[in-house]
Amino acid sequence: MRIRVVDAFADRPFAGNPAGVCVLPDAVWPEDAWMQSVAAEMQHAETAFVKPGAGAEWALRWFTPVLEVDLCGHATLATAHVLRSDGLVTGKATFETRSGVLTATLDDHWITLDFPANRPAPTTTPDGLTDALGVGDAEVLEAGGLNDLFVVLADEAAVRALTPDLGRLKTIDRRGTIVTAVADASTPYDFVSRFFAPASGIPEDPVTGSAHTALAPYWAERLGRDELVGYQASARGGVVRVSSAGDRVHLKGQAITTLDGELLV
């Protein structure tokens, strides 16, 4: 079975967020344990499995090295890129997923994902969160339906300087923690972010599309503009162009295939 590694939200190799992509040859899902084993073998934040769908053109699922997730942006973008490369889609792809029907619109160089918005809302700060992050006072919200915490810091430098205690962060009962701040005025970005999800098998995710479904509406309201540019300040880094549209968010990025191989089991 053919398997690809695609760097998503990247315009060059070895940047953005790598995802494994398996286009399944049959219309029936393989066993969950097999897909989980493949994802564990790949050791990327997510590996995507896609097959012909029923309620939409394609059916799509995502696995981290340790569990299946409800929503993943970068692996969806990577999947759309692979399907276009194989000549299986042109213009638009629709995917039935755990988060409903998602669409990817493809032009010559960019892919735009249409995802549900996850607007952050007030919440009680979990015990130990700020200590685990190594920050003092911070605005702490709940990231909509993502089961993520959403932490707002004073400036970009504070986000970039984070060295969280991942062991302590892993004990907090959430999928992950989004940390964000407004970008420095000297940069071409509107906001910056990082995403930590050790409980999901992802110490720090390089570029997190799903997190931007919360980042987009939050910063659109704060900055008074619907169209923004986010930069995820991980070691690899990546740019996500976002557009907030009511209960939907559009995420725009590029992708490049870095590995094309054969899965022998």
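Judged purely by atom type and a 3.5 angstrom limit, T94 uses its side chain to pair as donor or acceptor with the backbone of E57. Side chain of D226 to backbone of S243: no donor-acceptor contact under 3.5 angstrom is found. Checking side-chain atoms of S193 against main-chain N and O of T180 turns up no donor-acceptor pair under 3.5 Å. At least one donor-acceptor pair under 3.5 Å links the side chain of N118 to the backbone N or O of G145. In terms of modelled atom types and a separation under 3.5 Å, the side chain of E96 and the main chain of A56 share a donor-acceptor contact. Between the side chain of R84 and the backbone N or O of D107 there is at least one donor-acceptor pair closer than 3.5 Å.
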As a quick check of understanding, evaluate side chain to side chain donor-acceptor pair (under 3.5 Å) for T79 and W62, giving each step before the final call. CA-CA 10 Å; T79 300; W62 314 276; 5.6 Å; no
Side chain to side chain contact (heavy atoms under 4.5 Å, CB included) between T208 and L215: does it pass, once the steps are laid out? CA-CA 10 Å; T208 315; L215 289 159; over 6 Å; no
Stepwise side chain to side chain donor-acceptor pair (under 3.5 Å) check, R175 with S210: CA-CA 11 Å; R175 181 190 75 147; S210 60; 3.0 Å; yes
Going through the checks in order, is the side chain to side chain contact (heavy atoms under 4.5 Å, CB included) test met by R225 and D190? CA-CA 10 Å; R225 288 183 286 118; D190 297 297; 2.7 Å; yes
Stepwise, does the side chain to side chain contact (heavy atoms under 4.5 Å, CB included) test hold for E41 with V265? CA-CA 12 Å; E41 182 80 6; V265 293; over 6 Å; no
Might you work through the side chain to side chain contact (heavy atoms under 4.5 Å, CB included) test for M35 and V38, ending with a clear yes or no? CA-CA 5 Å; M35 291 187 285; V38 173; 5.7 Å; no
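Nearest heavy-atom pair, T171 versus G167, reported as atom, atom and distance to 0.1 Å: CG2-O, 3.5 Å. Considering every non-hydrogen atom in both L77 and A255, the closest pair reads CD2-CB, 3.3 Å. Smallest separation of non-hydrogen atoms from P198 and L166: CG-O, 3.6 Å. Scanning both residues, G261 and L259, for their nearest heavy atoms gives N-CD2, 4.0 Å. Between W34 and L263, the closest heavy-atom pair is CZ2-CD2, 3.7 Å. Residue S234 comes nearest to P206 through the heavy atom pair OG-O, 2.8 Å, listed as atom of the first residue, atom of the second, then distance.
We find the CG-OG distance between N147 and S200 to be 8.5 Å, quoted to the nearest 0.5 Å. Atom OG1 of T90 is separated from atom CG of L83 by 11.5 Å, given to the nearest 0.5 angstrom. The distance from the CZ atom of R119 to the OG atom of S244 is 5.5 Å, given to the nearest 0.5 Å.
No path of Ile, Leu, Val, Met, Phe, Trp and Tyr side chains, each step under 4.5 Å between heavy atoms, connects V6 with M1, placing them in separate hydrophobic clusters. Hydrophobic cluster membership is shared by V82 and I111, with clusters built from Ile, Leu, Val, Met, Phe, Trp and Tyr side chains linked at under 4.5 angstrom. No continuous path of hydrophobic side-chain contacts links V239 to F191 [ILVMFWY only; heavy atoms under 4.5 Å]. In this structure, L153 is a member of the same hydrophobic cluster as L149, with clusters built from ILVMFWY side-chain heavy atoms closer than 4.5 Å. Residue L67 is not grouped with residue L169 when hydrophobic side chains (ILVMFWY) are merged at heavy-atom distances under 4.5 angstrom, including chains of intermediate members.
Looking at V21, I202, T76 one by one, the single match for side-chain contact (heavy atoms from CB on, under 4.5 Å) with E46 turns out to be I202. Checked options R12, R236, H81; the residue passing with D7 is R236 (criterion: side-chain hydrogen bond (donor to acceptor under 3.5 Å, both in side chains)).
Other residues, nucleotides and ligands place no more than 12 heavy atoms under 6.0 Å from the CZ atom of R241. Shown here is D137, whose CG atom has no more than 12 heavy atoms of other residues, nucleotides or ligands within 6.0 Å. Under a cut-off of 6.0 angstrom, the local environment of CD in E262 is crowded, with over 12 non-hydrogen atoms contributed by other residues, nucleotides or ligands. Within 6.0 Å of NZ in K170 there are 12 or fewer heavy atoms belonging to other residues, nucleotides or ligands. Counting non-hydrogen atoms of other residues, nucleotides and ligands closer than 6.0 Å to CD of Q43 gives a total above 12. Around the CD atom of E139, the shell of radius 6.0 Å holds more than 12 heavy atoms that belong to other residues, nucleotides or ligands.
Listed by chain and residue number, T103, R248, H250 satisfy the side-chain contact (heavy atoms from CB on, under 4.5 Å) test with D114 (two or more places apart in sequence, or in another chain). The ring-ring contact (aromatic ring centres under 6.0 Å, His included) test applied to F115 returns no partner, not counting sequence neighbours. Under the ring-ring contact (aromatic ring centres under 6.0 Å, His included) criterion, F150 pairs with Y218, sequence neighbours left out. For E68, the salt bridge (Lys or Arg N to Asp or Glu O under 4.0 Å) criterion is met by R61, R98, not counting sequence neighbours.
Note on K51 versus D26: no salt bridge recorded, every NZ/NE/NH1/NH2 to OD/OE distance being 4.0 Å or above. Using a 4.0 Å cut-off between a side-chain N of Lys or Arg and a carboxylate O of Asp or Glu, R174 and E142 qualify as a salt bridge.
Ring geometry for Y189 versus Y231: interplanar angle under 30°, hence parallel rather than tilted (30 to 60°).
Sorted by first and then second residue, the salt bridge (Lys or Arg N to Asp or Glu O under 4.0 Å) pairs with a member in residues 192-216 read R194-E204; sequence neighbours excluded. Within the structure, every pair that satisfies the salt bridge (Lys or Arg N to Asp or Glu O under 4.0 Å) test and touches residues 149-164, not counting sequence neighbours, is listed here: E156-R160.
No side-chain donor-acceptor contact under 3.5 Å links D70 and S99.
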